[in-house]
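Numbers here are sequence positions counted from 1.
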Amino acid sequence: MLVLDPEGRPVPTGEVGEIVAAGPHVMGGYWRNPEVTARTFRPDPETGEPRLHTGDYGSLDADGYLYFEGRRDDMFKRKGFRMSTLEIESAAMDIPGVRAAAALPPNDRHDLALFVEGDLDAQTVTDELMLRLDHTRIPAVCRVLAEFPFTLHGKNARQELEALLEKDET
């Protein structure tokens, strides 16, 4: 397992990069799917052997232990710090009374936002998050919903949450 920067170089110990699998156990690609294969499997610059770029991000400590940070889709930078929507959602789900959580990363229309379904008020959720996360990861906006929107596949309906957030800001 390697942790690499966007140029394919190993990152220093403790820094976050993409988790890449290398070695004889890595398959050569996806069956009859050359586009995904080209995007996911890249040759090792030294050996030419395929390396699997997982799309997961993490870091290695000094003892070689791997720490998962999140998926590429879930990662974003805020106030100069790389973070994951998953870590914020996990912290929210750790709060008694929260039944569902979805974090929306900052964009050009809003700062970091968190939606939860639960029996608590937004200030209580924020106060509890302050006990679980460092200050850079505390959402600027916290909304508590009586019922959480999900997609047909049971995932957080992020587009609906974005629309609710934009509606609240107008």
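Between R71 and D74 there is no salt bridge, since no side-chain N of the basic residue sits under 4.0 Å from a carboxylate O of the acidic one. The residues E128 and R132 are annotated as salt-bridged, a charged nitrogen and a carboxylate oxygen being separated by less than 4.0 angstrom.
Across every non-hydrogen atom of A101 and F148, the tightest pair is C-CZ, 3.8 Å. When all heavy atoms are compared, the tightest approach of P45 to R51 is CD-NH2, 3.6 Å. A pairwise comparison of heavy atoms in E18 and G55 identifies OE2-N, 2.9 Å as the closest pair. Nearest approach of I88 to P139, heavy atoms of both residues: CG2-CG, 4.2 Å. The two atoms that bring P149 and E160 nearest to each other are CB-OE1, 3.2 Å, heavy atoms only. When all heavy atoms are compared, the tightest approach of P96 to L120 is O-CD1, 3.4 Å.
No chain of hydrophobic side-chain contacts below 4.5 Å, direct or via other Ile, Leu, Val, Met, Phe, Trp or Tyr residues, connects V16 to L66. Placement of L52 and M1 in two distinct hydrophobic clusters is found when ILVMFWY residues are connected by side-chain heavy-atom separations under 4.5 Å, directly or transitively. When the side chains of ILVMFWY residues are joined at heavy-atom separations under 4.5 Å, either directly or via intervening members, V125 and M93 end up in a single hydrophobic cluster. In the hydrophobic cluster analysis, where Ile, Leu, Val, Met, Phe, Trp and Tyr join through side-chain heavy atoms closer than 4.5 angstrom, V116 is grouped together with I138.
Residues F68 and Y57 keep their aromatic ring centres 6.0 Å or farther apart. Ring centroid separation for the pair Y67 and Y65 does not come in under the 6.0 Å cut-off.
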With a 3.5 Å cut-off and sequence neighbours excluded, list the donor-acceptor pairs that the side chains of residues 7-14 form with protein atoms.
{"from": "E7", "atom 1": "OE1", "to": "R9", "atom 2": "NH2", "distance (Å)": "3.2"}
{"from": "R9", "atom 1": "NE", "to": "D5", "atom 2": "OD2", "distance (Å)": "3.0"}
{"from": "R9", "atom 1": "NH2", "to": "D5", "atom 2": "OD2", "distance (Å)": "3.0"}

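Counting only distance, with no hydrogens or angles, the side chain of T85 and the backbone of A103 share no donor-acceptor pair below 3.5 Å.
The shortest side-chain heavy-atom distance between L104 and L112 does not fall under the 4.5 Å cut-off. M83 has its side chain within reach of F76: a pair of non-hydrogen atoms, C-beta onward, lies under 4.5 Å apart. Between V3 and V20, every side-chain heavy-atom pair lies at or beyond the 4.5 Å cut-off. The shortest side-chain heavy-atom distance between M27 and F41 falls under the 4.5 Å cut-off. Between V141 and L165, some side-chain heavy-atom pair lies under the 4.5 Å cut-off. With a 4.5 Å cut-off on side-chain heavy atoms, V98 and E117 do not count as touching. When side chains are defined from C-beta on, L60 does not count as touching L2, because their heavy atoms never get closer than 4.5 Å. Side-chain contact between T126 and L114: absent, with no pair of heavy atoms (C-beta onward) separated by less than 4.5 Å.
Enclosure of atom CD in Q123 by more than 12 non-hydrogen atoms of other residues, nucleotides or ligands within 6.0 angstrom is indicated.
Evaluation of the side-chain hydrogen bond (donor to acceptor under 3.5 Å, both in side chains) rule for E162 yields H110 as partners, not counting sequence neighbours. The side-chain hydrogen bond (donor to acceptor under 3.5 Å, both in side chains) check on R78 picks up D111, with sequence neighbours excluded.
Taking CD1 from I95 and OG from S90, the interatomic distance works out to 11.5 Å, rounded to the nearest 0.5 Å. Note that CZ of F115 is 5.5 Å distant from CG of L164, once rounded to the nearest 0.5 Å. The distance from the CZ atom of R42 to the CG atom of L4 is 9.0 Å, given to the nearest 0.5 Å.
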Please determine whether side-chain hydrogen bond (donor to acceptor under 3.5 Å, both in side chains) holds for the pair D121 and T124, giving the CA-CA distance in whole Å, both sets of side-chain angles, and the decisive distance to 0.1 Å. CA-CA 5 Å; D121 60 75; T124 301; 3.1 Å; yes

Would T151 and N156 satisfy side chain to side chain contact (heavy atoms under 4.5 Å, CB included), going step by step from the backbone distance to the final call? CA-CA 6 Å; T151 66; N156 294 334; over 6 Å; no

Where do K155 and E89 land on the salt bridge (Lys or Arg N to Asp or Glu O under 4.0 Å) test, with the steps shown first? CA-CA 13 Å; K155 295 184 178 184; E89 292 167 358; over 6 Å; no

Should H135 and M130 be marked as a side chain to side chain contact (heavy atoms under 4.5 Å, CB included) after you check the CA-CA gap, both sets of side-chain angles, and the distance that decides it? CA-CA 7 Å; H135 72 281; M130 288 183 192; over 6 Å; no

Between S84 and M75, is the side chain to side chain contact (heavy atoms under 4.5 Å, CB included) condition met? List the steps. CA-CA 4 Å; S84 166; M75 301 296 290; 3.7 Å; yes

